Amino acid sequence: MKNILVTGGAGYIGSHACKALAKAGYTPICYDSLERGHEWAVKWGPLEQGNILDKTRLEEVLKQYQPEAVMHFAGYISVEESVKAPALYQRNNVEGSKVLIDAAVAHNIKQFIFSSTCAVHGIPNQQIITEDLPIKPINPYGESKAEIENVLRDTALKNDFAYVALRYFNAAGADRDGEIGEAHEPESHLIPLILDTAAGKREHISIYGTDYDTPDGTCVRDYIHVNDLAEGHVQALRYLEGNAESQVINLGTGKGFSVKEIIDCARKITGKTINEKVESRRAGDPSYLVASNDRAKTVLGWQPQHSQIETIIETAWRWHQTR
Ligand SMILES: NC(=O)c1ccc[n+]([C@@H]2O[C@H](COP(=O)([O-])OP(=O)(O)OC[C@H]3O[C@@H](n4cnc5c(N)ncnc54)[C@H](O)[C@@H]3O)[C@@H](O)[C@H]2O)c1
């Protein structure tokens, strides 16, 4: 079985990718500092604790397992934190990724899959986002991802190395078998915060702005089930195994839901009262962020299978109750 190094494999999306890789016949080697991940989420291959900034440890693991490819999820993920502590994001997300990419090239790894984000576009001037829209991040988190996309492009130009940068929209939901799910600390994502409110752990869910140019005035986002994201990574790997050229590809459903629609759906699924509180807009929140997923369909043959909003909230709620 081929080994795949999965950095950040103890985190939310990385652990679902490890499960999908194992199902597809690969051995995921989880490389994670466990700073923001969970040992319990590593179930489908060995856990090698380490930091991507630690070149010596990384090389030791690469030498031991000789992975065919790298899937790189490790990083910090909060826009808000990145604004407060930009140097932290520069070091962990940018410098760390550079150390990892250099080590991968030095170890003759030719295939690399990177977790990027639609945040590289900042505030796009259209509702449906295609991959070729301008790269204009508006916070250090988005900047860190845009910078690594550039590093990957330059690395592929100079080496026998190809990559797929997958730009996720809003990752959501939990494993459909209930084995793993989202557990960020602190949590900043909308659906788990709504479910915390449904479970009585929070008094209300905050709605930041009801005067956006959208049908109900609240922000519209594209929610993609984490099992679909994970499957997209396996398909990107298979694509690269066919000696294909590097790509930047959106992973989203192409359909948007407003904050109010998500809250209403959560009320239906949980049967609970979910109090809401309207607050002022947050800086840098675009009205719409919805993916064009044509490239994922044509290049990878990928189709979202589990991203109906009810499935996303049902799986997240089931996971939330067992935690
Ligand atoms: N969650 C989303 O909606 C979303 C959207 C777009 C992009 N992404 C990207 O996807 C990736 C995974 O996101 P997630 O939600 O699973 O995050 P997560 O915080 O659940 O997982 C990240 C994992 O990386 C590990 N890690 C962080 N820095 C590390 C380092 N220097 N060395 C080793 N391990 C390190 C953490 O311990 C954690 O287990 C991130 O790169 C994120 O930027 C996420």
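Residue indices begin at 1 and follow the sequence shown. Counting starts at 1 for both ligands and their atoms, in listed order. These numbers were taken from a predicted model, which means no experiment stands behind them.
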What does the N/O contact table under 3.5 Å look like for ligand 1?
unit_1: ligand 1; atom_1: 3 (O); unit_2: Ala171; atom_2: N; d: 3.2
unit_1: ligand 1; atom_1: 15 (O); unit_2: His184; atom_2: NE2; d: 3.1
unit_1: ligand 1; atom_1: 16 (O); unit_2: Tyr12; atom_2: N; d: 3.2
unit_1: ligand 1; atom_1: 16 (O); unit_2: Ile13; atom_2: N; d: 2.8
unit_1: ligand 1; atom_1: 20 (O); unit_2: Tyr12; atom_2: N; d: 2.8
unit_1: ligand 1; atom_1: 20 (O); unit_2: His184; atom_2: NE2; d: 2.9
unit_1: ligand 1; atom_1: 28 (N); unit_2: Asn92; atom_2: ND2; d: 3.0
unit_1: ligand 1; atom_1: 31 (N); unit_2: Asn51; atom_2: OD1; d: 2.8
unit_1: ligand 1; atom_1: 31 (N); unit_2: Asn92; atom_2: OD1; d: 2.7
unit_1: ligand 1; atom_1: 32 (N); unit_2: Asn51; atom_2: OD1; d: 3.4
unit_1: ligand 1; atom_1: 32 (N); unit_2: Ile52; atom_2: N; d: 3.0
unit_1: ligand 1; atom_1: 34 (N); unit_2: Ser33; atom_2: N; d: 3.2
unit_1: ligand 1; atom_1: 34 (N); unit_2: Ser33; atom_2: OG; d: 3.4
unit_1: ligand 1; atom_1: 37 (O); unit_2: Asp32; atom_2: OD1; d: 2.7
unit_1: ligand 1; atom_1: 37 (O); unit_2: Glu35; atom_2: N; d: 3.4
unit_1: ligand 1; atom_1: 37 (O); unit_2: Arg36; atom_2: N; d: 2.9
unit_1: ligand 1; atom_1: 37 (O); unit_2: Gly37; atom_2: N; d: 3.1
unit_1: ligand 1; atom_1: 39 (O); unit_2: Gly11; atom_2: N; d: 3.2
unit_1: ligand 1; atom_1: 39 (O); unit_2: Asp32; atom_2: OD1; d: 3.2
unit_1: ligand 1; atom_1: 39 (O); unit_2: Asp32; atom_2: OD2; d: 2.6
unit_1: ligand 1; atom_1: 39 (O); unit_2: Gly37; atom_2: N; d: 3.3
unit_1: ligand 1; atom_1: 41 (O); unit_2: Phe73; atom_2: O; d: 2.8
unit_1: ligand 1; atom_1: 41 (O); unit_2: Lys145; atom_2: NZ; d: 2.7
unit_1: ligand 1; atom_1: 43 (O); unit_2: Tyr141; atom_2: OH; d: 2.6
unit_1: ligand 1; atom_1: 43 (O); unit_2: Lys145; atom_2: NZ; d: 3.1

- Note on the structure: Besides Ile13, the hydrophobic cluster formed by Ile, Leu, Val, Met, Phe, Trp and Tyr side chains linked at under 4.5 Å, directly or via other members, contains Ile4, Val6, Tyr12, Leu21, Tyr26, Met71, Phe73, Ile113, Val164, Leu166, Tyr168, Ile224, Val226, Leu229, Val234, Leu237, Tyr239, Leu240, Ile249, Leu251, Val299, Leu300, Trp302
- Step through the shown structure and confirm whether more than 12 heavy atoms of other residues, nucleotides or ligands are within 6.0 Å of CD on Glu80. no
- Message: With a 4.0 Å cut-off on N to O distance, would you call Lys145 and Glu149 a salt bridge?
- Response: no
- Task: Can you tell me which residue pairs pass the side chain to side chain donor-acceptor pair (under 3.5 Å) test with a partner in residues 152-162, sequence neighbours excluded?
- Result: Asn150-Arg153
- Message: Tell me the closest heavy-atom pair linking Asn93 and Ile148, and the distance in Å.
- Response: O-CG1, 3.8 Å
- Mind jotting down which residue pairs meet the side chain to side chain donor-acceptor pair (under 3.5 Å) criterion with at least one end in residues 134-143? Sequence neighbours excluded, please. none
